[in-house]
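Accompanying notes for the structure given below.
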There are 2 protein chains.
Amino acid sequence: MDDDKVFKALADPGRRALLDRLCARNGQTLGQLCETMDMTRQSVTQHLGLLEQANLVSTVRRGREKLHFINPVPLYEVYARWIGKFEEARLGLLHDLKQELERKDN
Amino acid sequence: MDDDKVFKALADPGRRALLDRLCARNGQTLGQLCETMDMTRQSVTQHLGLLEQANLVSTVRRGREKLHFINPVPLYEVYARWIGKFEEARLGLLHDLKQELERKDN
DNA sequence: TTGACATGCAGGAAAATACCTGCCTATAAA
DNA sequence: TTTATAGGCAGGTATTTTCCTGCATGTCAA
């Protein structure tokens, strides 16, 4: 998985909105997604392209339509690699902070 | 919490590297963080500023030094609000995909 | 107080991003 | 076969982002 592509894909509110829509109803066409997006079809296409490159969205062609499906796997991997790690850090946080502040007084 | 700031903060590999360093050793000064970052101090400052605005890093001044501490809370909130939601979606994914493909044949 | 050191602040250049318009291709339906 | 519809592709522009240089401020130690 490419961490960087996933994070960059999630950095844009429009792309997160697209993931939201697909979360509500999976397998939508480009046209359907455009209806609620307040930007040109071409821009939506570009955003979906980045989501697809980040492997967050998979597509299937059906005739002249293109269906878009969410892929939650990379998000879960990001969680496993990042959030979990920081959870460990959380335990030591207050301790570290307290220690540093005390060192100040000495 | 400001979702957008958190996601944007995580979008840059340099900032993720900074979080990594703080995860390994919490409470480092700006100077210490610069030693391993291969960019100017001013750039590191800017990155740390964005992390702080996203509430991913908290700082404490100690004399002429500035100590940086990780704050994992917003990351956990992002997980709760996003990854969990997509986990639900995962369950329906294969079902949806299968259904759409079958509709194609009819 | 003076010199050294840690950090802050102010632009400015270069690259990346997000949008757009205009046109082309492919499929479905009349 | 013609027409309408769904989507693809090629630029071009405005904004944002990233990184830099140069200089200012604040703190410690001699």
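Atom CG of A/D12 and atom P of D/dT16 are 13 Å apart (whole Å). Nucleotide C/dA6 holds its C1' atom 12 Å from the CD atom of B/E35, rounded to whole Å. Going from atom CG of A/D4 over to atom P of D/dT18 covers 11 Å, rounded to whole Å. Straight-line distance from the CD atom of A/E65 to the P atom of C/dA26: 18 Å, rounded to whole Å. When rounded to the nearest whole Å, the span between CZ of A/R62 and P of D/dA6 equals 12 Å. Whole-Å rounding puts the B/H47 NE2 to D/dT18 C1' distance at 6 Å. Computed from coordinates, the A/R41 CZ to D/dG8 P distance equals 8 Å when rounded to whole Å. Put simply, NZ on A/K8 is 18 Å from P on D/dT16, counting in whole angstrom units.
For C/dT7, its base never sits under 3.5 Å from the side chain of B/R64 at any donor and acceptor pair. Between the base of C/dG11 and the side chain of B/Q42 there is no donor-acceptor pair shorter than 3.5 Å.
Between B/R16 and B/D12 there is no salt bridge, since none of the side-chain N atoms of the basic residue sits less than 4.0 Å from a carboxylate O of the acidic one.
Listed for the A/N71 side chain is no donor-acceptor partner under 3.5 Å among the backbone atoms of A/V57. B/H47 contributes no side-chain N or O that, together with a main-chain N or O of B/R15, makes up a donor-acceptor pair within less than 3.5 Å.
In this model, the phosphate group of C/dC20 is approached by a side-chain N or O of A/T40 to a distance below 4.0 Å at OP1 or OP2. A sub-4.0 Å separation between OP1 or OP2 of C/dA18 and a side-chain N or O of A/R15 is present. A close approach under 4.0 Å does not occur between any side-chain nitrogen or oxygen of A/S43 and OP1 or OP2 of C/dA18.
Comparing B/Q46 and B/T29 against DNA chain C, the residue whose closest nucleotide sits nearer the 5' end is B/T29.
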Margin query: B/E52 vs B/T59, test: side chain to side chain donor-acceptor pair (under 3.5 Å). Steps then yes/no.
Written below: CA-CA 8 Å; B/E52 202 170 348; B/T59 61; 3.0 Å; yes
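Contact check for B/L30 versus B/R41: side-chain heavy atoms found under the 4.5 Å cut-off.
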